[in-house]
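Naming: A, B, ... by sequence-line order, numbering from 1 per chain.
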Protein chains: 2
Amino acid sequence: MTAKKKTSWSIGDLAREFDVTTRTIRFYEDEGLLQPERRGQTRVYSAADRTALKLILRGKRLGFSLAESRQLIQMYNPDANRAQLEALLGKIHERRAQLIQQLRDIEVMQLELDEAEQRCLEFLK
Amino acid sequence: MTAKKKTSWSIGDLAREFDVTTRTIRFYEDEGLLQPERRGQTRVYSAADRTALKLILRGKRLGFSLAESRQLIQMYNPDANRAQLEALLGKIHERRAQLIQQLRDIEVMQLELDEAEQRCLEFLK
DNA sequence: GGAGAAGTTTACGTTAACGTAAACTAGTAG
DNA sequence: CTACTAGTTTACGTTAACGTAAACTTCTCC
């Protein structure tokens, strides 16, 4: 009856959940995007790591590089000084502008897909 | 007074308009995404080429590979037989699904940026 | 106690998408 | 004629983001 809220994950857990390879997860650690702890040799991932991974993969789907995702993760931990925070605000605005452009792109592309579909269906009639 | 509607472009024209290098444009041709004509040695780009380039760059902003953009361009010329058209319809549905996922990703990310901004501003107060 | 299954490190390989450099040609302005 | 400017081909170089393989440890199960 005790609500079981998972609080730590193995590398295999995360790989399965997000459908990536363990190599990928270790790579992200090499790049400084994840910081799992160790139980002996073995990596143990926290909820923060899991969230970071989620951010990275969502970023990927939007065409962001790992460097850009690194920024996104930074925005999650406000452990910075004034100058850093102001730089962060700048990055936030940049990201937001990029997202807006992507929204426009998606709209246009959806319309074009509609037209393309119509043309296809017309030819198949 | 005659409405001047441009109907052909040089490689430099396109490079300037879309802010890419000429190398990039020639690369897309090597990859079969553009098919300019030649006046002597020199490439001459049609409105179709220009549209294709626009598609490619919009695709890039959404994180599409050139292979994926190649498909998008294909959808523009319905010069296919029945089987190809049906395959095309399948691709159209895939693309649409991907765009919908991206919309969701953008929504979530916008919310997160809002929160990140709030946290930043809070710390700066 | 042997065989998997899951984890680890180290290190070289691969692909996409161009960058960069060299060496050439063709038109054009002074 | 000369000096740009814009175009061309050829070809090797580069970066990001992992893939792949080898060789090893740890734990568990029968």
Side-chain angles (χ1 to χ4, degrees), chain A residues 6-46 49-50 52-74 95 98 102 105, chain B residues 6-46 49-50 52-74 95 98 102 105:
Chain A
K6 232 180 178 233
T7 131
S8 80
W9 293 262
S10 77
I11 194 169
D13 290 341
L14 294 183
R16 248 166 282 120
E17 177 174 359
F18 295 107
D19 194 33
V20 295
T21 69
T22 59
R23 173 68 176 96
T24 295
I25 296 179
R26 291 197 195 94
F27 176 70
Y28 293 158
E29 180 181 353
D30 283 350
E31 297 294 300
L33 299 174
L34 301 177
Q35 284 131 18
E37 318 212 307
R38 298 285 181 135
R39 193 161 45 201
Q41 279 269 83
T42 306
R43 276 164 254 251
V44 179
Y45 295 87
S46 69
D49 290 317
R50 186 165 164 279
L53 182 52
K54 210 186 295 188
L55 275 176
I56 296 170
L57 298 178
R58 186 160 61 222
K60 270 197 66 173
R61 289 196 300 272
L62 292 174
F64 290 14
S65 71
L66 289 189
E68 292 175 307
S69 289
R70 197 195 317 273
Q71 295 185 351
L72 291 175
I73 294 173
Q74 285 244 349
R95 292 278 142 260
Q98 187 174 349
Q102 288 189 313
D105 287 335
Chain B
K6 230 177 180 236
T7 130
S8 80
W9 293 261
S10 78
I11 195 169
D13 290 342
L14 294 184
R16 247 166 283 121
E17 177 174 359
F18 294 108
D19 194 33
V20 296
T21 68
T22 58
R23 173 68 175 94
T24 296
I25 296 180
R26 290 196 195 95
F27 176 71
Y28 293 158
E29 180 180 352
D30 284 350
E31 297 294 300
L33 300 174
L34 301 177
Q35 284 131 18
E37 319 212 306
R38 298 285 182 136
R39 194 163 43 201
Q41 278 268 82
T42 305
R43 276 163 254 250
V44 179
Y45 295 86
S46 69
D49 290 316
R50 187 165 163 280
L53 183 53
K54 210 186 295 186
L55 275 175
I56 296 170
L57 298 178
R58 185 160 61 222
K60 271 196 65 173
R61 289 196 299 272
L62 292 174
F64 289 14
S65 70
L66 289 189
E68 293 175 307
S69 289
R70 197 194 318 273
Q71 295 185 350
L72 292 175
I73 294 173
Q74 285 243 348
R95 290 280 144 260
Q98 187 175 349
Q102 288 189 313
D105 287 335

| Over how many whole Å does the gap from Asp13(B) atom CG to dG7(D) atom P extend? | 7 Å
| task | Between protein and nucleotides 8-23 of chain C, map the contacts as a letter string: B base, S sugar-phosphate only, - none, heavy atoms under 4.0 Å, written 5' to 3'. | result | BB-B-----BBBB---
| query | Can a side chain N or O of Ser10(B) be found less than 4.0 Å away from OP1 or OP2 on dA6(D)? | reply | no
| Does the pair Lys6(A)/Asp13(A) count as a salt bridge with the N-to-O cut at 4.0 Å? | yes
| message | Using side-chain heavy atoms (C-beta onward) and a distance below 4.5 Å, is Leu62(A) in contact with Gln102(B)? | response | yes
| Euclidean distance, Phe18(B) CZ relative to Leu57(B) CG, rounded to 0.5 Å | 7.0 Å
| field | Residue Arg39(A) excluded, over 12 heavy atoms near CZ under 6.0 Å | value | no
| query | In terms of side-chain geometry, is the basic nitrogen of Glu68(B) or Arg95(B) positioned less than 4.0 Å from the acidic oxygen of its partner? | reply | yes
| query | Out of curiosity, Tyr45(A) OH to Glu37(A) CD, how far, rounded to the nearest 0.5 Å? | reply | 11.5 Å
| query | Can Arg43(B) and Asp49(B) be counted as an ion pair, charged N to O under 4.0 angstrom? | reply | no
| message | Using five base pairs at each end to define the local axes, how bent is the helix from dG1(C)-dC30(D) to dG30(C)-dC1(D), to the nearest 10°? | response | 0°
| field | Pairing of Arg16(A) and Asp19(A) as salt bridge, 4.0 angstrom limit | value | no
